[in-house]
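Some notes on the structure that comes next.
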Amino acid sequence: MKKKLLSFFVFAAVLASAFAQVSVDPDDYFYTLSQGWEIRGLTKAAPPMRPYPLRNIRQILEDVIENGTPTDVVRAKYYMEKINGKPWTVEAGGHGTAKFTFETEYDEEEEEGKSSFDGCEKSHGMFILANPKVYGDISFLNGLVSMGYSAGFAAYKGHEDEFVPLYTNSKHDTRTDAIEAGPLDVYLDVNDAIAVGKTNIFAQAGIYRTGYGDFFDECPAMNDDAFHSANFSFSVFSDKVAYTQILSAIGASSAYDGEELFPDKYFAFHAIEIKPSRKFSVTYYESCVFGQRMDLTYFIPAPYMIGEELSGFGDNVQMGLKFKIIPFDNFMWVTDIYSDDTDLESALKLDLDSKNRFVLQNGFVYTPENSFCTRLGFNYTVITPYTYSHWEYADGSSGAITAGIPSYQNYTNNGLSMGLSIPPNSDRFSLSVDMMPKPNMKIKLFSSFMRHGNVCESLENDEALVYLSADKGVYSTDGSLFTHSMFSDPDNDIGEHVDTAWNHLNFLTQDHKMYAAKAGFDLNYEFPKQKWGQFTLKFGYAFEYVHNKGVENPMFEPVSGLKYDKDSGKYKLNDVEQTDAELEQIVATSKEDWLRDLHDEMNHYITVGGSFRF
């Protein structure tokens, strides 16, 4: 089988991948244009969730051709020509990325990374990707039924996650089961979406990425850049109200680090948007992660909190509230509050220093008309400690947490976050500018600044000792969403809360924080179409500066021989009882080892690529 797949890959590569399929990829540039057209009131056919069915895409383009400015009409006709073309297209190409890194050492006096790069360590590397594929759209029964698909391969030389800025998701749905082809690792890279219905009411099914939110690639509940899943969704909307829901089969992974892959994990989401006018709307939405059973309760249009009650409150339910205001044409202000867990009693007392797990996103989207600038977006995002993080017991009837167990509770699919790409206990300012000087030329400018702290730095010594005396692979202490707020307690069916995590917010209160600044641009240019095909050129550059790189490393790795003796209530190291002073030194040593890895990095990423399309 692998030989046949490899043969197909070689054949496609010889024939001649950067142009996405609109109806199956929520990251396509069409959705940037569509958002601007919707803000300006040129169309009412845009559904709440991305990607859109082919029928809606056509309706949006028809509305813009009828109601838009001359610039809008040119762009809409450009996309209309693409989706009305032949039902299949063969495309191949790829890109190479060169990375140049300048790395400082830990500063003993300042107890953080050095800020000077004089005499620093320098390195460089290269990553290569080839991505042949075939894609297209098919519709039946006057558009009542449609299908978008994109099927191909992604062949890597190198590890992609090492050649993109910090906390950047891959654009490809490739994770496991690689075919080794000489120096290349080859993966299937396939998505499809089938839709049935009219423009204002339809069902959609397939394997594809989904997006819900107004800040593309940064959505708290369903991020466009998250790994794909098997989905079944339903949407209905009008001028005054919109309702959408989705039930997805996703991949469970190790509760410790997101590695390996296990079946029987599911994700559900629904949202209702009330629109008193085109200028204002409010949305209430819920999401739920559950596993080890298929529960159709979460496909019923009823509050998930009630559905969770039917299964014994054993699932991971979140809720959100979003406000959109269009104070004047071309400009939309959005406030999105996504709650994972809230201490209502403390909140009513205006005390936020407790177990409040939430995302707060606030910003605007500006879409000028008759301009080469199609979209300007700015937002500030806060994600508090332990958001998205949920523990998993080895047995549902006990509070035991053991090594190697899969997580059916945390907010991941195949070990990747389904929400924000930045980890808990972070905040970020993001600015992006999308430009389209010509329909065949797209330019994106982007910049961001983020802060992140490892919440484990806030733990008390007695809490740190629990991590240090545990077996390997039980607890994550890297401050990611795999770091949860529960200790194992086999004698108690609810485990034991980490006191510092349960009673304090700990949002960016740590002594050592990581700061990351990023800026760059992407250019995509399509040469005029010829009889023999069309060539696309891609060029990109990104600059990244990271202060205190290493904050995201594990802080309290298990110490060999250190165990807690229940009978004596004391810690022993190699069967020797430890004094309080010795235990304090063990904790201090672990922190010092973690601190020594802190350093500063300056990275330059240069990407050159292209594709050929038949």
Side-chain angles (χ1 to χ4, degrees), residues 22 26-52 56-80 199 211-219 224 237-242 273-283 322-336 361-381 429-448 521-522 524:
V22 180
D27 201 45
D28 189 89
Y29 198 84
F30 165 82
Y31 295 98
T32 296
L33 295 173
S34 177
Q35 184 184 51
W37 293 331
E38 184 182 11
I39 291 173
R40 291 164 49 204
L42 299 181
T43 182
K44 298 178 181 179
M49 189 184 300
R50 299 177 294 274
Y52 303 161
N56 291 75
I57 294 170
R58 283 198 173 113
Q59 186 62 58
I60 290 169
L61 295 175
E62 290 173 1
D63 291 345
V64 173
I65 291 172
E66 180 179 352
N67 304 318
T69 66
T71 302
D72 296 322
V73 171
V74 170
R75 292 168 177 168
K77 286 183 176 179
Y78 179 78
Y79 267 93
M80 185 69 83
T199 54
Y212 186 91
D214 302 284
F215 302 111
F216 300 161
D217 304 338
E218 299 180 10
C219 305
D224 309 72
F237 58 98
S238 66
D239 293 347
K240 298 299 182 182
V241 64
E273 181 181 15
I274 307 299
K275 301 178 282 186
S277 72
R278 191 182 71 81
K279 300 284 188 177
F280 174 76
S281 74
V282 58
T283 302
K322 182 172 65 171
F323 301 92
K324 292 198 294 188
I325 302 174
I326 303 177
F328 50 87
D329 287 344
N330 310 336
F331 187 92
M332 177 177 67
W333 191 280
V334 180
T335 300
D336 196 345
Q361 200 168 53
N362 196 25
F364 66 84
V365 175
Y366 174 58
T367 58
E369 61 181 58
N370 284 328
S371 171
F372 66 89
C373 176
T374 57
R375 181 182 185 273
L376 187 152
F378 171 82
N379 71 81
Y380 173 61
T381 301
F429 294 91
S430 296
L431 175 67
S432 63
V433 182
D434 291 282
M435 295 179 287
M436 200 176 196
K438 297 180 179 180
N440 61 330
M441 184 177 185
K442 307 176 186 69
I443 303 171
K444 185 180 184 70
L445 307 178
F446 55 85
S447 63
S448 66
F521 69 90
D522 289 318
N524 189 289

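None of the values given here were measured: they were computed from a predicted structure.
- Under the 4.0 Å criterion applied to side-chain N and carboxylate O atoms, R58 and D63 are not assigned as salt-bridge partners.
- Between the side chains of Q361 and T381, at least one donor-acceptor pair of N or O atoms lies under 3.5 Å.
- Using modelled atom types and a 3.5 Å distance limit, the side chains of T199 and Q59 yield no donor-acceptor pair.
- Not counting sequence neighbours, the partners of F521 by the ring-ring contact (aromatic ring centres under 6.0 Å, His included) test are F539.
- Taking the side chain as every heavy atom from C-beta outward, E369 and N330 approach each other to under 4.5 Å.
- Looking at every heavy atom in both residues, Y29 comes nearest to K442 through CG-CD, 3.5 Å.
- Residues Y78 and N440 form a side-chain contact, since some pair of their non-hydrogen atoms from C-beta on lies under 4.5 Å apart.
- In terms of heavy-atom proximity, R50 sits nearest to P26 at CB-CB, 3.7 Å.
- At least one side-chain heavy atom of T374 sits under 4.5 Å from a side-chain heavy atom of L33.
- Residues R278 and D329 have side chains in contact (heavy-atom distance under 4.5 Å, counting atoms from C-beta outward).
- Inspection of the T32 and D434 side chains reveals no N or O donor paired with an N or O acceptor under 3.5 Å.
- Remark: side-chain polar atoms of Y52 are not paired, donor with acceptor, to backbone N or O of V22 under 3.5 angstrom.
- Salt bridge present: E273 and K324 bring a charged side-chain N and a carboxylate O closer than 4.0 Å.
- Counting heavy atoms from C-beta on, the side chains of F429 and N379 never come closer than 4.5 Å.
- Side chains of W37 and N67: no donor on one and acceptor on the other come within 3.5 Å.
- In terms of modelled atom types and a separation under 3.5 Å, the side chain of K275 and the main chain of S238 share a donor-acceptor contact.
- Judged as a ring-ring contact (aromatic ring centres under 6.0 Å, His included), and not counting sequence neighbours, the contacts of F30 are Y79.
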